[in-house]
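Keep in mind that what you see is a predicted model, and the values were worked out from it rather than measured.
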Amino acid sequence: MHVVVLGAGVVGATTAYYLAEAGHEVTVLDRQPDVGLETSFANGGLVTPATSDSWAAPGTPGKILKWLGCDDAPMLLRLRALPGMLRWGVEFLANCRSHRWQANTKATLSLALMSVAELRRLTEAEKLRYDRNPSGLLKLFRDQASMASATRAAAIFRDEGVRAEILAASEAIALEPALAPIADRLSGAVFYPDDESGDAFKFTQGIAGAARARGAHFAFCHAILGFDRQGDRIAAVVTERGPVRGDVYVLALGSHSPRVGRSAGLSLPIYPAKGYSITVDAGGWNKGPRIPVADDGLKAAVTPLGDTLRVAGTVEFAGYDNSLNEARGRMLIQNLAAILPEYPRGKIRHWAGLRPLTPSGRPLIGQTPVRNLFLNTGHGPLGWTLAAGSARLLALIIGGSALPIAAEPFALSG
Ligand SMILES: Cc1cc2nc3c(=O)[nH]c(=O)nc-3n(C[C@H](O)[C@H](O)[C@H](O)COP(=O)(O)OP(=O)(O)OC[C@H]3O[C@@H](n4cnc5c(N)ncnc54)[C@H](O)[C@@H]3O)c2cc1C
């Protein structure tokens, strides 16, 4: 079968690999001149099943209301974005109910665990190099209430087979001495030893290379305008350079999937949740963390990536605007200082990207009502974590093979 994959981010490139591995002819289309140049470019770098808990959680609506209009809030809803996200917002609120949160979290976790196993297999089989760091993730908490809710979340993860160690502040410092300067500000921590980290962009380049070696063809600088739908089938993808035809099509355009999906008659519940990162040169700094650290209160994480520190986080609902906001960029530097007060004063590169967020937090993977159109999109804050598992799952669905986990939670109407 000739499969046309729309999008060459971490999800599209990994999908191309699995499809080529399964023996399909694969063409990948992207408007950029190379792979991974949009949301997969400078994310937090965490491969983290332990962060599978959906953002649509019982406490989230209160936080959003409290922070409404505050430019330096960890989670910011811009009022101008409201008209464009009403329907999505109502669905998001419905998913904040406790039982929905639990079901969403469990479904995403099952995919994340399968994904990490796949990522390890791929890394070894294809000899991929992406500053991988298999040292786990340390989540920090600065007050007793958040420590208590983290302990409850850790119990859910443990029930699903994830190892989680509840640590007192002193134990967290013993594990990661770089945190010693903030010892008196911590209430405790949870250590997830099976999480990993690495540079998602380097991985995307590596997996695209491996896909090419298996015959996949990447067509860059192809801006996609929509689909040519004939009855219940897609006849072609319409690009600025003309139509591209295949037997089967996979929509993997991240936050931009709904726009293109609309031309095929699909209404995809995905909204862009903007986030920021800074990458700080840390070559020669020997006081840096060995383990990535996520600070719950700041909604930010610091990840050692090669000779740099990547600080990523914050959430802003502001529509399709990925421009850099100076105040929010400064906030990440303040967050870094709040976690590692002695951070290296090297060069800092700023970046912003749009997480393709569904109201449930579950990605959309599988068939659509259009017979030869499939989805692999909507991975929100976890696209790097979920990429290998989602790509494998979709390749098996397309091939009609047995599936390693239940795919229903990821179906369009699921
Ligand atoms: C600040 C931040 C931190 C994050 N941290 C983490 C983390 O630590 N761990 C984790 O797992 N995830 C993290 N994420 C989420 C992760 O980065 C995303 O889920 C993931 O990159 C989405 O990948 P994608 O391939 O679906 O989308 P993208 O990478 O955006 O790829 C979509 C592709 O489609 C192309 N495209 C779009 N529209 C068109 C069009 N009309 N025509 C042609 N091409 C088009 C784009 O050029 C792009 O290459 C973070 C995200 C952000 C913003």
Can you give the donor-acceptor pairs under 3.5 Å from side chains of residues 5-16 to other protein atoms, not counting sequence neighbours?
residue, atom, partner, partner atom, Å
T14, OG1, V10, O, 2.5
T15, OG1, V11, O, 2.6
T15, OG1, N376, ND2, 2.9

Subject >> Inter-residue atom distance L375.CG - L266.CG, 0.5 Å rounding >> reply: 6.5 Å
Original post:
Short question: side chain of Y271, backbone of G89 - any donor-acceptor pair under 3.5 Å?
Top reply: no
**OP:** Answer with yes or no whether the side chains of T123 and Y130 bring together a donor and an acceptor at under 3.5 Å.
**Re:** yes
Subject >> Side chain R163, main chain D194, donor-acceptor under 3.5 Å >> reply: no
**OP:** In sequence, state the C-alpha distance, the side-chain angles, and the governing distance for N335 and D295, and then conclude on side-chain hydrogen bond (donor to acceptor under 3.5 Å, both in side chains).
**Re:** CA-CA 9 Å; N335 289 344; D295 190 309; over 6 Å; no
Subject >> Polar side-chain atom of T358 near backbone of P363 as donor-acceptor pair, under 3.5 Å >> reply: no
Original post:
Is a side-chain donor-acceptor pair under 3.5 Å present for D34 with Q32?
Top reply: no
**OP:** Report yes or no: do D195 and T48 form a side-chain donor-acceptor pair below 3.5 Å?
**Re:** yes
**OP:** Any chance you could lay out the ring pair (Phe, Tyr, Trp, His ring centres under 6.0 Å) test for F201 and W351, step after step, and finish with the verdict?
**Re:** CA-CA 13 Å; F201 175 62; W351 175 82; over 10 Å; no
**OP:** Take M147 and I166, measure what side-chain contact (heavy atoms from CB on, under 4.5 Å) needs, and give me the verdict at the end.
**Re:** CA-CA 9 Å; M147 189 61 214; I166 313 290; 3.7 Å; yes
Original post:
How many angstroms lie between CZ in F203 and CH2 in W384, if you round to the nearest 0.5 Å?
Top reply: 5.0 Å
Original post:
Checking T385 side chain against A112 main chain: does a donor-acceptor pair fall under 3.5 Å?
Top reply: no
**OP:** Check F227 against V238 and note the closest heavy-atom contact, atom names and distance.
**Re:** C-CG2, 4.1 Å
Subject >> Nearest non-hydrogen partners of S40 and T204, listed with the distance >> reply: CB-OG1, 4.3 Å
**OP:** Considering non-hydrogen atoms only, spot the tightest contact between L46 and A301 and give its length.
**Re:** CD1-CB, 3.9 Å
Subject >> I182 vs P341 side-chain heavy atoms within contact, under 4.5 Å >> reply: yes
**OP:** If the plane angle is over 60° it's perpendicular, under 30° parallel, otherwise tilted; pick one for F157 and Y192.
**Re:** perpendicular
**OP:** Specify the closest pair of heavy atoms between T39 and G353, including all atoms of both residues, with the distance to one decimal.
**Re:** CG2-C, 4.5 Å
Subject >> Where P344 and V280 come nearest, the two heavy atoms and their spacing >> reply: O-CG1, 3.5 Å
Would you be so kind as to tabulate the donor-acceptor pairs closer than 3.5 Å made by side chains of residues 272-279, with sequence neighbours excluded?
residue, atom, partner, partner atom, Å
K274, NZ, Y276, OH, 3.2
K274, NZ, D321, O, 3.2
K274, NZ, S323, O, 2.5
Y276, OH, N325, N, 3.1
S277, OG, A42, O, 2.8
T279, OG1, R310, NE, 2.8

Subject >> Short side-chain to backbone donor-acceptor contact, W88 and L357, under 3.5 Å >> reply: yes
Subject >> Side-chain donor/acceptor of T108 to backbone N/O of T105, under 3.5 Å >> reply: no
Subject >> Test item: L109 and I156 side chains (from C-beta on) under 4.5 Å apart, heavy atoms >> reply: no
Original post:
So, do L336 and V302 sit near enough that their side-chain heavy atoms are less than 4.5 Å apart?
Top reply: yes
Original post:
Going from CD1 on I405 to CE on M114, what distance comes out if it is rounded to the nearest 0.5 angstrom?
Top reply: 4.0 Å
Subject >> Option passing salt bridge (charged side-chain N to carboxylate O under 4.0 Å, His left out) with E316 (candidates R355, K299, R328, R80) >> reply: R328
